[in-house]
2 protein chains.
Amino acid sequence: MPKPLPDLRGPADPSTPQLAIHAARFAALGDPTRLGILVRLSDGAPRSIARLTEATDLTRQAVTKHLAVLAEAGIVRASRRGRETLFELEPAPLAAARQYLDAIAAQWEAALGRLKSFIEDPPH
Amino acid sequence: MPKPLPDLRGPADPSTPQLAIHAARFAALGDPTRLGILVRLSDGAPRSIARLTEATDLTRQAVTKHLAVLAEAGIVRASRRGRETLFELEPAPLAAARQYLDAIAAQWEAALGRLKSFIEDPPH
DNA sequence: CCTTCATGCAACCTTATGGATGCGCTTTTA
DNA sequence: TAAAAGCGCATCCATAAGGTTGCATGAAGG
């Protein structure tokens, strides 16, 4: 059974708040620098800002802003250790994004299935 | 076996072009209006611009722009029928986005697994 | 044919976004 | 303790993004 997935096909759509949350998450992923940072953090090891900056051709401040965006979306978590701020990947929000795409795909496939059965065995 | 996933942990990173493509895809998903459009199209039925505009409180032009962004990312496909332009969902790019998130998650879990085995059975 | 529907194109506006600099504060470390 | 490493904050800049309005154009219908 495909996941519910807020039904936006009707005229009234009160379930838009969830949609905004998911959109914000995708927006956070929608930048090559940020996506690169995530990939680098995907080995589970926390890294400092300076460390993450080394891998780019940007300023530390630019990277800091990107990390702030990721943190705002909950995709990354910061912790202070001494004079440095360590960032590590937070898997839950990524899983949520994945499941959202899964839901859309499931909806699509379910629709295909209904179309197929309709063609093979039309009503009336 | 976790998917390769461009290794950005080294200093030199020539595999960034792929990253840009994925980032562009996520960026296209990173807007509530566009995400809403996708959900509405996820039942497989093509819809006209006017039809999709009805579900929003925006102008037709605004919706047209959003559809252009989605089309640019390949997430949606347009076709002309008479005087109206029909848009329908394209599942392949969405699947690619899903798989990218899967790859990151797999990387993460593999790292956790290595950490676990290290703790349970430390070398030396 | 004349009107209406569904779009496309272009100009314009406002705000968000990505990035850089300069400066000051705290923690290490030589 | 003085220098260096790592950051945070504030400011400033240029461009992209989201939206609107106005006008022109092709297709449908009566």
Side-chain angles (χ1 to χ4, degrees), chain A residues 11 13 16 19-41 45-88, chain B residues 8 13 16 19-41 45-88:
Chain A
D13 173 29
T16 334
L19 204 148
I21 295 178
H22 288 284
R25 243 193 289 275
F26 286 125
L29 297 173
D31 178 278
T33 300
R34 288 196 291 267
L35 208 49
I37 290 176
L38 284 190
V39 171
R40 302 190 82 246
L41 290 180
R47 284 174 177 77
S48 71
I49 299 178
R51 192 108 161 55
L52 290 170
T53 301
E54 291 173 14
T56 75
D57 57 343
L58 299 177
T59 322
R60 172 180 55 88
Q61 289 304 332
V63 175
T64 298
K65 281 193 182 180
H66 283 299
L67 287 169
V69 172
L70 289 172
E72 185 80 13
I75 299 175
V76 115
R77 190 163 54 84
S79 62
R80 196 90 192 227
R81 193 189 61 182
R83 63 179 161 183
E84 53 190 7
T85 301
L86 299 180
F87 283 86
E88 61 186 304
Chain B
L8 299 188
D13 173 28
T16 335
L19 203 150
I21 295 178
H22 287 285
R25 243 194 289 276
F26 286 125
L29 296 174
D31 178 279
T33 300
R34 289 196 289 268
L35 209 49
I37 290 175
L38 284 190
V39 172
R40 303 189 81 245
L41 289 179
R47 285 173 176 76
S48 71
I49 299 178
R51 193 108 162 55
L52 290 170
T53 301
E54 291 173 14
T56 76
D57 57 343
L58 301 176
T59 322
R60 172 181 54 88
Q61 291 302 334
V63 174
T64 298
K65 282 192 182 179
H66 283 298
L67 287 169
V69 173
L70 289 172
E72 186 79 13
I75 300 176
V76 115
R77 190 164 53 85
S79 62
R80 196 91 194 226
R81 193 189 61 182
R83 62 178 160 181
E84 53 190 7
T85 301
L86 299 180
F87 284 87
E88 61 186 303

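By convention in this document, chain letters (A, B, ...) are assigned in the order of the sequence lines, proteins followed by strands, and residues within each chain are numbered from 1.
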Open item on the list: So, OP1 or OP2 of D/dG8: does either fall under 4.0 Å of a side-chain N or O from A/T85?
Closed with: yes

TODO: Figure out the CZ/P separation between B/R60 and D/dC23, and round it to whole Å.
DONE: 14 Å

TODO: In whole angstrom, give the distance that lies between atom CD1 of A/I49 and atom C1' of D/dG8.
DONE: 9 Å

TODO: Pick base, sugar-phosphate or nothing for A/R51, based on heavy-atom distances below 4.0 Å to the nucleic acid.
DONE: nothing

Task: A/L86 CG - D/dC7 P separation (whole Å) - done: 8 Å

Open item on the list: Measuring to OP1 and OP2 of D/dG6, would you say a side-chain N or O of A/R80 lies under 4.0 angstrom away?
Closed with: no

TODO: Give a yes/no on whether any side-chain N or O of B/T33 is located under 4.0 angstrom from OP1 or OP2 of D/dG18.
DONE: no

Open item on the list: Taking 4.0 Å as the cut-off, does a side-chain nitrogen or oxygen of B/S48 come that near to OP1 or OP2 on C/dA6?
Closed with: no

Task: side-chain contact (heavy atoms from CB on, under 4.5 Å) partner of B/R47, chosen from B/I37, B/L52, B/T53 - done: B/L52

Task: Listed nucleotide nearest any side-chain atom of B/R83, set D/dA28, D/dG18, C/dG18 - done: D/dA28

Open item on the list: Within this structure, what is the CG-CG distance for the pair B/L38 and A/L19, rounded to the nearest 0.5 Å?
Closed with: 9.5 Å

Task: Close side-chain approach of B/R25 to B/I21, heavy-atom, < 4.5 Å - done: yes

Task: Rounded distance in Å - CG (B/L29) to P (D/dG18) - done: 13 Å

Open item on the list: Rounded to whole Å, how long is the line connecting atom CD of B/E72 with atom C1' of D/dA17?
Closed with: 14 Å

Task: 5'-most by nearest nucleotide on DNA chain C - A/K65 or A/G82 - done: A/K65

TODO: Starting at atom CG of B/L67, determine the distance to atom P of C/dT7, rounded to an integer number of angstrom.
DONE: 10 Å

Task: Separation of C/dT7 P from B/R47 CZ (nearest whole Å) - done: 13 Å

TODO: Round to a whole Å and report the spacing from CD1 of A/I37 to P of C/dG18.
DONE: 11 Å

Open item on the list: Has A/S48 got a side-chain atom pairing as donor or acceptor with A/R51's backbone, closer than 3.5 angstrom?
Closed with: yes

TODO: Classify the nucleic acid contact of B/A62 as base, sugar-phosphate or nothing, counting any heavy atom under 4.0 Å across all strands shown.
DONE: base

- [ ] Would you tell me if any nitrogen or oxygen in the side chain of A/H66 comes within less than 4.0 Å of OP1 or OP2 on C/dT17?
- [x] no

- [ ] Please work out if B/Q61 contacts a base, only the sugar-phosphate, or nothing of the nucleic acid, heavy-atom cut-off 4.0 Å.
- [x] base

Task: Out of C/dG18, C/dA20, C/dG8, whichever nucleotide has its closest atom nearest the side chain of A/L58 - done: C/dA20

- [ ] Remember a base hit wins even if backbone is also touched, and classify B/T59 as base, sugar-phosphate or nothing at under 4.0 Å, heavy atoms.
- [x] base

Open item on the list: Working to the nearest 0.5 angstrom, can you tell me the gap between B/T64 OG1 and B/F87 CZ?
Closed with: 7.0 Å

